[in-house]
Amino acid sequence: DAGITQSPRHKVTETGTPVTLRCHQTENHRYMYWYRQDPGHGLRLIHYSYGVKDTDKGEVSDGYSVSRSKTEDFLLTLESATSSQTSVYFCASEGRGNTGELFFGEGSRLTVL
Amino acid sequence: GENVEQHPSTLSVQEGDSAVIKCTYSDSASNYFPWYKQELGKRPQLIIDIRSNVGEKKDQRIAVTLNKTAKHFSLHITETQPEDSAVYFCAASLGAAGNKLTFGGGTRVLVKP
């Protein structure tokens, strides 16, 4: 596996609280992505990054923000968590050489009560 | 934007039989079609991909076919084994570096011994 890790791996929080998930990669990959995985919906793109301080919205970006201050770190923030954001979140980075292959982190399971 | 439909959502096969998963996509400009396998509790991993300049690609017991005219592509697994039990996701994108993958809803495959 490419060196991509997520933290925390599990989190339980209450509605209305902010939550930040961290993705860290050691491959010097330029492109990074945050997806959420829900039954029947596959993986849906939340936000992505083309490089340091260069981010854009995906298809389900409402209620989420991201930041990328260093190549290796991509943070996902839920500004005010809601129960609909209970999900498994996957970070991914894209390998070099235009292969298109995504390397995923282990996932972060978030429960919003 | 792109929309990817995947069928069936669940598939149960007897060990040794073949399994076929089908996907359709909406954006005729898409030209990169990967398949990811996700074992229970693990991260998705690329197993095979195809680009629009070829109609079929094989790798041991797995193969992918693409029909650009009809905008559909399929994954074929022959001689299924218990370790093939997993969730499989198809995806589509424009194929260049940094292009965002749109995933199908996933197919849960169960191989019965």
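Labels below follow one simple rule: chain letters A, B, ... track the order of the sequence lines, proteins then strands, and each chain is numbered from 1.
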Top of B:Pro34, B:Ser9, B:Gly104 for chain A proximity - count of heavy-atom pairs under 4.5 angstrom
B:Gly104

ILVMFWY cluster, B:Leu11 and B:Val64 together (side-chain gap under 4.5 Å):
yes

Quick one: of A:Glu106, A:His41, A:Arg30, who has the most non-hydrogen atom pairs under 4.5 Å with chain B?
A:Glu106

Working to the nearest 0.5 angstrom, can you tell me the gap between A:Leu102 CG and B:Tyr36 OH?
4.0 Å

With clusters defined by side-chain heavy atoms of hydrophobic residues (ILVMFWY) lying less than 4.5 Å apart, directly or transitively, does B:Ile62 cluster with B:Ile50?
yes

Taking all atoms of both residues into account, what is the closest heavy-atom pair of A:Glu101 and B:Tyr32, and its distance?
N-OH, 3.9 Å

Is it true that atom CZ of A:Arg44 has more than 12 heavy atoms of other residues, nucleotides or ligands lying nearer than 6.0 Å?
yes

Distance-minimising heavy-atom pair for B:Phe89 and A:Gln37:
CZ-NE2, 3.2 Å

More than 12 non-hydrogen atoms from neighbouring residues, nucleotides or ligands closer than 6.0 Å to CD on B:Gln60, yes or no?
no

When rounded to the nearest 0.5 angstrom, what distance separates CG in B:Leu101 from OH in A:Tyr35?
4.5 Å

Just checking B:Glu79: does its CD atom have more than 12 heavy atoms from other residues, nucleotides or ligands closer to it than 6.0 angstrom?
no

Residues 46-68 of chain A: residues contacting chain B (heavy atom under 4.5 Å, by number):
A:Tyr48, A:Tyr50

Under a 4.5 Å heavy-atom cut-off, does chain A meet the side chain of B:Gln38, its backbone, both or neither?
side chain

By a 4.5 Å heavy-atom criterion (distance strictly below it), what part of B:Pro44 contacts chain A: side chain, backbone, both, or neither?
both

Is it possible for you to say whether B:Trp35 and A:Phe90 belong to one hydrophobic cluster, with membership spreading through side-chain heavy-atom contacts below 4.5 Å?
no

Is there a path of hydrophobic side-chain contacts, each under 4.5 Å between heavy atoms, that joins B:Ile48 and B:Val4?
yes

Within a radius of less than 6.0 Å around CG of B:Leu40, do more than 12 heavy atoms belonging to other residues, nucleotides or ligands occur?
no

Using heavy-atom distances under 4.5 Å, tell me whether A:Leu45 contacts chain B through its side chain, its backbone, both, or neither.
side chain

Return yes when atom NZ of B:Lys68 has more than 12 non-hydrogen atoms of other residues, nucleotides or ligands closer than 6.0 Å, and no otherwise.
yes

Other residues, nucleotides and ligands only: do more than 12 of their heavy atoms fall within 6.0 Å of CD on A:Glu79?
yes

Joint cluster assignment, A:Leu43 & B:Leu94, ILVMFWY side-chain distance < 4.5 Å:
no

Please report the closest heavy-atom contact between A:Ile4 and B:Arg43, naming both atoms and the distance.
O-NH1, 3.7 Å

